[in-house]
Amino acid sequence: MTAQRRNDVVKYRQEDGGENMRRRGTNEVAGVLLTGTAAVFAASAQAQPVAPVLETPAAVALDELAVEGLARGALRLEPQGGVTIGYLGKATRTATKTPTPLIDTPQSVTVITREQIRDQGFQSIGEATRYVPGVIQAQGEGNRDELIIRGQRSNADFFVNGIRDDVQYYRDLYNIQRIEVLKGPNAMIFGRGGGGGVINRVLKEADGVPVREIVAQGGQFANKRVALDVGDRVSDSVFFRMNGVFEDTATYRDFVDIRRYGVNPTMTFLLGPQTTLKLSYEYFHDDRTTDRGIPSQFGRPYRYRENRATYFGNPFLSPTYVNAHIATAQLDHVFENGVVMRSQSRIADYEKFYQNVFPGGAVNAAGTAVNISAYNSQTDRTNYFNQTDFTYQFLTGPVKHTLLAGFELGYQEGLSLRQDGFFATTGTQNLVVNPLSPVSRVGITFRNIASGANSRYDLGLAAAYVQDQIELNEHVQLIGGLRFDHFDFAATDRRTNITNARIDDLISPRAGVVVKPLPNLAFYTSYSVSYLPSSGDQFSALTPGLVIAQPEKFENTEVGVKYDVSPVLQLTGALFNLDRSNQRIADPNRPGFFLTSGQTNTQGAEIGVNGYVTDWWSVAGGYAFTDARITNNLSTTIVAGNFVGLVPLNAFTLWNKFDIDQRFSVGVGFINQSHTFATSDQTVRLPSYSRFDLGLFYNISENARAQVNIENLFDRNYIISAHNNNNILPGAPRTVRAQIVVRW
């Protein structure tokens, strides 16, 4: 091992396994929350003086974990209770709302660290989660992030520092410290939705550590991008940080361009030894061409090897944009009795619009015609949220408790307006084009029709929750929690002025057991429930039929194992059964109403690996077997036994980084996915594929690094995703991007 690597790798003392950071004192836990630069959990469970703010990041202690420096490979203490080293997440507070080692968390959690995001060169949620077992990228109609987690498709289960970020848009990673993928229903922590899991982004924070970094990127398809990260101390009690990004690029798809920019200043104020205030504001703009991909023919993607770049529709009338203003205030305080309070308030205003002219049907058998359709959608929304948690640690005899109690208050209001397109040459909603020349320039008139949404809506949310993490001894831990949600949704049709409303009172339990025969080996089992109200993932119209429809229910049982092969390498495995019930089926006897007898079942196994195999070899990835099935007839074509759309039975991913010497490293990634069906009617089959990615990294100096990322190294033709049977997205060809990272 080189001298440099010796200084970089974490020194790990194992007097009692290094895994009982959550067993430490409440007030020292508070020190972590308050400073954002230290984590000290070494006191007893009784109230102790608040841990002081560290004046320098040079040496930090985390229970039995010790770190020297913040160089490459060193353990990092991050915002929101996170602890990472290289590609390995060691701890987070997101899964339990208390700082908890991942090995003690009875749930499958994958942390995508900042180091992994940087090395792979990805800039979006969909790209960054490609190497996470059990997560599949959906097309999202070419205007938004959309993922499938454990067979459940969602475009709303996105969070920022644990608070909902549910508008449909493409998010950027310029201001992200890490991404946390929490699998299985998470209603106890996150509330409604999240049937298969949630994605939580953790923002960079002003932590008082000097940072000055610029990342400049360029590559194929006229890619140009620059990101800035600057932070320092204004004084001993005031910290500042600024992140910004600008990107202007074309893509491998004809006519599809992207232009986005964002800025995110943050401030931290140490108001006293027991009180900290953190402020954040982000403005983000994303403007691009909506791309719905290619149609099908004969149950397969239409000539996808020849149409990898071909646009079907009218790209000149297919814009999408979002303007997001997100302001957050977080107040942390430690009371004299040892209770830790964390209160986050957020106001987020989103202006979202998309319009698309896209394939509306399959190519005919003769290969001479395909229908084109068009519509646009305006989905403005304003969110007001407050989450306030109280945490207290205490003993009942030899049993240790970490008690959490809190509440969430929220109000969301917005507009949902859909307008359908009528083509000038036909006067109808369909235009026939030649699939060999599918780009249209025909004029279109858009208007709101009876079947399209045109409503103002508002949602009032009030929730309360309680959770206890119980450590019976060093070998057995229990977790139990309960959340109550009051969900009051109303939508007013602007054409008729009729308001429909529905109130749901939902109770979501969570229970788990962790058994640790060894300090570095944990077996767990868990049970959780989540609900999705009848208004769905995204709010639009609330019809009389939806008013009487019961919420969908997600019920998950999971068993798993987590094994720290070494302090810097973790293997995980999980078996799960996820039942989704109360899915809506159109009532054949009452148009506009539904039967809630639809059900699906997902059974699966996941294996994950993250960390350092050796001091020169880092890995991230795993394998997922996901058997997601329709369990009763949802329609005449979606019948019991069918596979859920877009969910592969087998998926294997592995990213490797090899440090050749102190300056030069090589990354090699491999993705393999078995075939899927575009939808659950199984009429269009999407082929299996394998893909290799490559990364080359060179440390020019201590303050500069150059890297080149090559996606799809061998230029394979493949299908990456779909939205339905005739909106199918080909994968990118070989794509080269280069970047320079400079710190000063």
Side-chain angles (χ1 to χ4, degrees), residues 134-136 138-139 146-155 157 183-185 193-197 296 298-301 362 527-534 536-537 545-546 548-559 574-606 624-651 673-688 719 721-728:
V135 178
I136 301 298
Q139 186 198 92
E146 188 162 334
L147 298 176
I148 301 169
I149 308 176
R150 289 188 171 176
Q152 313 305 316
R153 183 169 172 169
S154 176
N155 50 58
D157 294 320
K183 302 170 192 173
S296 67
F298 306 130
R300 295 293 186 272
Y527 172 81
S528 58
V529 173
S530 184
Y531 294 93
L532 182 64
S534 58
D537 267 347
L546 291 174
I548 64 172
Q550 293 297 311
E552 293 188 44
K553 181 180 180 180
F554 303 83
E555 189 172 8
N556 185 75
T557 304
E558 180 175 331
V559 296
L575 301 173
F576 66 90
N577 182 86
L578 175 57
D579 289 308
R580 181 176 184 174
S581 57
N582 292 345
Q583 288 183 269
R584 293 183 294 277
I585 303 171
D587 189 336
N589 300 315
R590 291 198 304 167
F593 288 80
F594 305 91
L595 305 174
T596 56
S597 55
Q599 298 180 16
T600 63
N601 173 259
T602 305
Q603 296 181 339
E606 296 168 355
F625 170 81
T626 311
D627 187 4
R629 304 273 187 151
I630 308 297
T631 54
N632 64 351
N633 297 345
L634 300 182
S635 69
T636 57
T637 57
I638 303 176
V639 298
N642 282 12
F643 288 99
V644 173
L646 296 180
V647 182
L649 200 61
N650 296 281
Q673 181 178 301
S674 60
H675 78 270
T676 63
F677 294 98
T679 66
S680 298
D681 63 15
Q682 297 192 176
T683 59
V684 175
R685 177 175 168 139
L686 308 181
S688 61
I719 296 296
S721 189
H723 180 69
N724 55 38
N725 286 336
N726 294 295
N727 294 171
I728 302 167

For [Y], does its backbone N or O pair with a side-chain atom of [X] as donor and acceptor, under 3.5 Å?
X: S688; Y: S674; answer: no
X: N726; Y: A362; answer: yes
X: S296; Y: G299; answer: no
X: S534; Y: P551; answer: no

Nearest 0.5 Å, please: how far is [atom2] in [Y] from [atom1] in [X]?
X: T679; Y: L686; atom1: OG1; atom2: CG; result: 9.0 Å
X: Q673; Y: I136; atom1: CD; atom2: CD1; result: 4.5 Å
X: N650; Y: H675; atom1: CG; atom2: NE2; result: 10.0 Å
X: E555; Y: Y531; atom1: CD; atom2: OH; result: 8.0 Å
X: T626; Y: I149; atom1: OG1; atom2: CD1; result: 11.5 Å

Note: E606-R150 ion pair, threshold 4.0 Å (strictly below):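 Counted as a salt bridge, because a side-chain N and a carboxylate O are separated by less than 4.0 Å.
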For [X] against [Y], the heavy-atom pair lying closest together:
X: G195; Y: D157; result: N-OD2, 4.3 Å
X: V684; Y: I728; result: CG1-CD1, 4.0 Å
X: A628; Y: G151; result: CB-CA, 4.3 Å
X: P687; Y: I719; result: CD-CG1, 4.1 Å
X: P185; Y: N556; result: CD-CB, 3.0 Å
X: Q599; Y: N632; result: N-OD1, 2.9 Å

What I'd like to find out is whether the side chain of [X] reaches to under 4.5 Å of the side chain of [Y], using heavy atoms alone.
X: S635; Y: I585; result: no
X: T600; Y: R629; result: no
X: F593; Y: L595; result: no
X: E146; Y: R153; result: yes

Intermediate values then yes/no, side-chain hydrogen bond (donor to acceptor under 3.5 Å, both in side chains), N725 and T683: CA-CA 8 Å; N725 286 336; T683 59; 3.1 Å; yes
Without hydrogens or angle criteria, can the side chains of [X] and [Y] be said to hold a donor-acceptor pair below 3.5 Å?
X: N155; Y: D537; answer: no
X: R580; Y: Q152; answer: yes
X: N577; Y: D579; answer: yes

Decide salt bridge (Lys or Arg N to Asp or Glu O under 4.0 Å) for K183 and E558; before the verdict, give the C-alpha distance in whole Å, the side-chain angles of both, and the deciding distance to 0.1 Å. CA-CA 10 Å; K183 302 170 192 173; E558 180 175 331; over 6 Å; no
Evaluate the side-chain contact (heavy atoms from CB on, under 4.5 Å) criterion for residues R300 and R685: first the C-alpha distance (whole Å), next the side-chain angles of each, then the deciding distance (0.1 Å), finally the verdict. CA-CA 6 Å; R300 295 293 186 272; R685 177 175 168 139; 3.4 Å; yes
Evaluate the criterion side-chain contact (heavy atoms from CB on, under 4.5 Å) for residue pair V529 and F554; output intermediate values, then yes/no. CA-CA 6 Å; V529 173; F554 303 83; over 6 Å; no
Anything under 3.5 Å between a donor and an acceptor, one on a side chain of residues 639-646, the other on a protein residue two or more places apart or in another chain? List them.
| unit_1 | atom_1 | unit_2 | atom_2 | d |
| --- | --- | --- | --- | --- |
| N642 | ND2 | T637 | O | 3.4 |
| N642 | ND2 | S680 | O | 2.8 |

Which pairs with one or both residues in residues 582-596 pass side chain to side chain donor-acceptor pair (under 3.5 Å), sequence neighbours excluded?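 Every candidate side chain to side chain donor-acceptor pair (under 3.5 Å) pair involving residues 582-596 fails, so no pair, neighbours aside, qualifies.
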Tell me which one of V559, T602, T557 satisfies side-chain contact (heavy atoms from CB on, under 4.5 Å) with F576.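 Result: among V559, T602, T557, T602 is the only option passing the side-chain contact (heavy atoms from CB on, under 4.5 Å) with F576.
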